[in-house]
2 protein chains.
Amino acid sequence: MKLEVLTVSDNQEIQNSIISKIRELINYKNLEPGDKLPSERMLSDKFGVSRSNVRDAIQKLEFYGLLKSIPQSGTFVANIGVVAMNGMIEDILRLETPDFKSLVETRILLELKTVRLASLRRSEEDLKNIKEALDAYKEKALSGEDAVQEDLLFHLAIAKASRNSTMNTFMLTITPQIIIDFEKYHVCDKDQAVMGIEEHTDIYEAIKKQDPELAKQKMKDHFKALYQYCYNVK
Amino acid sequence: MKLEVLTVSDNQEIQNSIISKIRELINYKNLEPGDKLPSERMLSDKFGVSRSNVRDAIQKLEFYGLLKSIPQSGTFVANIGVVAMNGMIEDILRLETPDFKSLVETRILLELKTVRLASLRRSEEDLKNIKEALDAYKEKALSGEDAVQEDLLFHLAIAKASRNSTMNTFMLTITPQIIIDFEKYHVCDKDQAVMGIEEHTDIYEAIKKQDPELAKQKMKDHFKALYQYCYNVK
DNA sequence: CCATATTTTTTGGTTAACCAGTTTTGGAAC
DNA sequence: GTTCCAAAACTGGTTAACCAAAAAATATGG
């Protein structure tokens, strides 16, 4: 287990080092938006690493919109100037795995917004999906089983109903880590699950009534315990 | 150009189809958290696609925390139940490229929060970084040049000072697309750049004074024009 | 029959060869 | 000197062979 973590860390190091070298190259050669980077083979040769490592690094920079690979042509620097490029690569290199507090803080921010938007924009089908998620959660929680999954699916259903694809994506990306941390820190015990039913129902009713402020308040109440817990732990 | 878009779309289709098949497999075989998936070779064989396609699909599901590859052992379903797994894969398959309105809406939400947090948590070094970004923006804007990069670097400096790694990451991920859309829709003309100097300075001063509510209000003012523009366009 | 050592198989990851386009280049024709 | 075209070189993507480590199976000794 230790070894695995180590290798992952090493790979991360290698990738960051390659990203760093690509930045130096862009600076040194004064590459501007639209200019072509040296080929993957050349880079892997120059950096002394495998081509797949170079490809992975490029893919990451492509994800953040800094580079653009075109199939049989080359890799190009995106329509972004050298200043922004440097600043963003700097930030990307410093990206750390988010701590629990940061995660919860962000989740609360997002959910107070998505629940408000969902109240305003939900379709009848959205409402139906939320209701189904609520019922599934109810049943599981009442049976005394662990209902963390159904809990989060209820929240994801609200995020989907918010009709904001960016926030929906963000909720999707933080959910797995939240599940892991919840289990790690033993948040959401079973006694809270029953209380959660009432709170979830309140949120659902507010969305049904299309009352954004009420929905936001009910979500706030729902997060109250989590919020305090989170700030006590860390 | 058309062709490129087409192939990208095709690749996306292939990947989604593989993800979909993996889901069916998990459902059919009733795989639970911790269970091992068939090997990559077996999957590529069974699905009739290349192994690298399977690897890419697995990597994506790994990003969303649904699978976990362990080097010389196998790929395992994460500590997430079959219900949440299905719901999340469903959402992942439906992920669309975010529209401009969704992007701006999310950015405003994030920035109103980060500027507040930055006011409360900023270190002296954070403040220095923000000041430097502000000065760079000032200089560029006053010279009449395009200062979109320096503009966004100022905002990213604030995000960094918020000491919330998740929000910082989210700001990084949406920034490139925002730049692209800004240029596409010709937001942020040069006459706005000069006005932006004053607004940026106000925000900086509020952060310096560690006044979170003032900072939030100044950021709100800063976004006022953008907000209206965004809701008129779409 | 059990516990331990050893060989064999299986695994995700890596490397190198290959492919189908794109880009460059060299020289022929005018 | 310019234009054009074919051929060679180069490109990111794909495929298949290979690697080392981890499991699994088999053998060995008690």
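Scope of the values below: all heavy atoms of this structure, side chains included, with no hydrogens, waters or symmetry mates.
Put simply, CG on A/Leu67 is 15 Å from C1' on D/dT11, counting in whole angstrom units. With rounding to whole Å, A/Glu40 atom CD is found 17 Å from D/dA9 atom C1'. In this entry the distance linking CD of B/Gln15 with P of D/dG13 reads 14 Å, nearest Å. One atom, CD of A/Gln72, and another, C1' of D/dC10, lie 11 Å apart when rounded to the nearest Å. Note: NZ (B/Lys68) to C1' (C/dT11) measures 15 Å, nearest angstrom. Between the CD1 atom of A/Ile70 and the C1' atom of C/dT22 there is a distance of 11 Å, rounded to whole Å. Distance CZ (A/Arg41) to C1' (D/dC10): 8 Å, rounded to an integer number of Å.
Residues A/Pro33 and A/Val77 approach most closely at CA-CG2, 3.3 Å, considering heavy atoms. Across all their heavy atoms, A/Val82 and A/Asn27 have their closest contact at CG2-OD1, 3.6 Å. Here the closest non-hydrogen pair linking B/Ile158 and B/Ala118 is O-CB, 3.7 Å.
In this structure, the side chains of A/Ser165 and B/Asp99 come closer than 4.5 Å at one or more pairs of heavy atoms. The side-chain heavy atoms of A/Leu43 and A/Leu25, taken from C-beta on, include a pair separated by under 4.5 Å. Between A/Met171 and A/Glu111, the closest side-chain pair of non-hydrogen atoms falls below 4.5 Å.
Checked against the 6.0 Å centroid threshold, B/Phe154 and B/Tyr137 do not count as a close aromatic pair.
Residue B/Ser73 places at least one side-chain N or O under 4.0 Å from the OP1 or OP2 atom of D/dA23. The phosphate of D/dG12 (OP1 or OP2) has a side-chain N or O of A/Thr75 nearer than 4.0 angstrom.
In this model, a donor atom of one side chain and an acceptor atom of the other lie less than 3.5 Å apart for A/Asn164 and B/Glu105.
The overall bend of the helix from C/dC1-D/dG30 to C/dC30-D/dG1, read as the angle between its terminal helix axes built from five base pairs each, is 30° when rounded to 10 degrees.
Between B/His222 and B/His155, the ring-plane angle classifies as parallel under the 30° and 60° cut-offs.
Across D/dT11, C/dG12, D/dA23, the shortest atom-to-atom separation from the side chain of A/Met42 is found for D/dT11.
Using a 4.0 Å cut-off on heavy atoms, the residues of residues 43-66 of chain A that approach DNA chain D are A/Arg51, A/Arg55, listed by number.
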